[in-house]
J.: 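Can you keep this structure in mind? I'll have questions shortly.
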Protein chains: 2
Amino acid sequence: MPSAADSLFKALADPTRRAIFERLTRNGEQTVHALTACAGVSQPMVSKHLGALRRARLVRHRHQGRETHYQVRPEALAPLVDWVSHYADFWQNKFDRLEEVLERLEDTHQRSDK
Amino acid sequence: MPSAADSLFKALADPTRRAIFERLTRNGEQTVHALTACAGVSQPMVSKHLGALRRARLVRHRHQGRETHYQVRPEALAPLVDWVSHYADFWQNKFDRLEEVLERLEDTHQRSDK
DNA sequence: CAAAACCATAACCGAACGGTTATGGTTTGT
DNA sequence: ACAAACCATAACCGTTCGGTTATGGTTTTG
């Protein structure tokens, strides 16, 4: 049973993919062309990476004419945050307060998903 | 330049490896033998996975006679927490309070690393 | 309408990865 | 001293993965 965090970890394990995600996070919606210009790899590779991010639901895409605009889905990070908060229990009681905050965040943002 | 989070994401991307890490987190220090019993893969594979976790500095090992005891290094998760907190900025102002908490946690636990 | 721009897919390649069995080195038990 | 237990490494195998170039489909531009 592959957990929800699985596809996230896999998708973010590649540095190029993480860089794309980070760029989308910082600079907002971008076209494949714009992303390719800074990716350091070929356009087909960028498309592939975007496909992986899409399958992990980390990004959303929108067609407009001949270009495709990609955009981050920040709520998708929730399972990752959840995992970290759960398995960082070594940071014991101090973490209890953190989990409270996280639960509220998930309640607030995960709804837009279903 | 592979970031600090890189090896962490890679190490945790594999479900078997994550299960080992989670088991070590929940049940504390364990021998390779004990871990193999629940891993669902062969002992050599467990050793390999432990090697990967070790290279990511997620676990520490200690030889005692013919057995090797493995133990989690929770501080190693800090770069991951850092990454998440940084790129989840979309959870804007609500996240500011979270970051406060995280920074205090890192101050408390990351020191034992250097 | 023809050419160029934008993107996705296909075909292909080498490297890395997750898995196995086989082996060998220590350490423990009899 | 010998056998068994514990672990790591080696050798090997199929698959996945990150990368490329080539191609084709839309849409925009001249």
Side-chain angles (χ1 to χ4, degrees), chain A residues 1-3 5-24 27-73, chain B residues 1-3 5-24 27-73:
Chain A
M1 56 119 223
S3 89
D6 206 76
S7 57
L8 285 185
F9 274 117
K10 281 210 185 71
L12 294 171
D14 181 71
T16 303
R17 223 143 45 208
R18 218 167 47 248
I20 291 178
F21 180 81
E22 294 172 358
R23 181 172 173 79
L24 283 176
N27 300 355
E29 196 183 56
Q30 308 245 333
T31 69
V32 176
H33 187 64
L35 290 171
T36 300
C38 305
V41 294
S42 63
Q43 173 265 311
M45 203 57 224
V46 172
S47 280
K48 270 204 197 175
H49 281 313
L50 286 170
L53 292 173
R54 221 173 39 211
R55 278 186 296 279
R57 315 215 52 191
L58 280 165
V59 299
R60 188 202 335 261
H61 69 294
R62 169 177 71 86
H63 296 289
Q64 178 185 2
R66 62 180 162 181
E67 5 184 54
T68 311
H69 297 257
Y70 280 84
Q71 177 183 358
V72 125
R73 294 183 64 251
Chain B
M1 56 120 226
S3 90
D6 206 75
S7 58
L8 285 185
F9 275 116
K10 281 211 184 69
L12 295 171
D14 181 71
T16 302
R17 223 144 45 209
R18 217 166 47 249
I20 291 178
F21 181 81
E22 293 172 0
R23 181 171 173 80
L24 284 176
N27 301 354
E29 196 184 56
Q30 309 243 335
T31 69
V32 176
H33 187 64
L35 291 172
T36 300
C38 305
V41 294
S42 63
Q43 173 265 312
M45 204 56 224
V46 172
S47 280
K48 269 202 197 177
H49 281 312
L50 286 170
L53 291 173
R54 222 173 38 211
R55 278 186 296 278
R57 313 215 53 193
L58 280 165
V59 299
R60 188 201 336 260
H61 68 294
R62 170 177 70 84
H63 295 288
Q64 178 185 0
R66 61 180 163 180
E67 7 184 53
T68 311
H69 296 256
Y70 280 83
Q71 179 183 358
V72 126
R73 294 184 63 251

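Below, chains carry the letters A, B, ... as their sequence lines are ordered, and counting in each starts from 1.
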J.: Just the rounded figure in Å: distance from P of D:dA8 to NE2 of B:His69.
T.: 11 Å

J.: Rounded to whole Å, please give me the gap between CG in A:Asp14 and C1' in C:dA15.
T.: 14 Å

J.: Checking A:Arg17 side chain against A:Ala11 main chain: does a donor-acceptor pair fall under 3.5 Å?
T.: yes

J.: Which distance, rounded to the nearest 0.5 Å, do you find between the NE2 of B:His61 and the CG of B:Leu53?
T.: 12.5 Å

J.: Do any side-chain nitrogens or oxygens of B:Tyr70 fall under 4.0 Å of OP1 or OP2 in D:dA8?
T.: yes

J.: Rounded to the nearest 0.5 Å, what separation is found between the CG atom of B:Leu58 and the CG atom of B:Leu12?
T.: 5.0 Å

J.: Roughly how many Å is it from CG in A:Leu35 to P in C:dA8, rounded to a whole number?
T.: 10 Å

J.: To the nearest 0.5 angstrom, please state how far the CG atom of B:Leu8 sits from the CZ atom of B:Arg57.
T.: 11.0 Å

J.: Within this structure, what is the NZ-CG distance for the pair A:Lys10 and B:Asp14, rounded to the nearest 0.5 Å?
T.: 7.0 Å

J.: Round to a whole Å and report the spacing from NE2 of A:His33 to P of D:dT27.
T.: 18 Å

J.: Under the side-chain hydrogen bond (donor to acceptor under 3.5 Å, both in side chains) test against A:Tyr70, which residue among A:Arg54, A:Arg62, A:Gln30 passes?
T.: A:Arg54

J.: What integer distance in Å separates A:Gln30:CD from C:dC7:C1'?
T.: 16 Å

J.: What nucleotide among C:dT20, D:dT27, D:dC7 has an atom nearest to a side-chain atom of B:Ser42?
T.: C:dT20

J.: OP1 or OP2 of C:dC6 versus the side-chain N and O atoms of A:His63: is any pair under 4.0 Å?
T.: no

J.: Report the nucleotide, chosen from D:dC7, C:dA11, D:dA8, that has the shortest atom-to-atom distance to any side-chain atom of A:Lys48.
T.: C:dA11

J.: Below 4.0 angstrom from OP1 or OP2 of C:dC17, is there any side-chain N or O of B:Arg17?
T.: no

J.: To the side chain of A:Arg66, which of D:dC7, D:dA4, C:dA5 is closest?
T.: C:dA5

J.: Is the base of D:dA8 touched by the side chain of B:Gln43 through a donor-acceptor pair closer than 3.5 angstrom?
T.: yes

J.: For C:dA8, does OP1 or OP2 lie under 4.0 Å from any side-chain N or O of A:Thr68?
T.: yes

J.: What is the distance, to the nearest angstrom, from the CG atom on B:Leu50 to the P atom on D:dC6?
T.: 16 Å

J.: To the nearest Å, give me how far apart CD (A:Glu67) and P (D:dT28) are.
T.: 8 Å

J.: Rounded to the nearest angstrom, tell me the gap between atom CD in B:Gln64 and atom C1' in D:dA5.
T.: 15 Å

J.: Any base atoms under 4.0 Å from B:Thr36, or only sugar-phosphate, or nothing? Heavy atoms, all strands.
T.: nothing

J.: For the side chain of B:Met45, starting at C-beta, report the closest nucleotide among D:dC7, D:dT20, C:dG19.
T.: C:dG19

J.: Within the pair B:His49 and C:dG19, is there a side-chain N or O less than 4.0 Å away from OP1 or OP2?
T.: yes

J.: The side chain of B:Pro44 lies closest to which of these nucleotides: D:dT9, C:dT9, D:dG18?
T.: D:dT9

J.: Would you say a side-chain N or O of B:Ser47 is under 4.0 Å from OP1 or OP2 of D:dC6?
T.: no

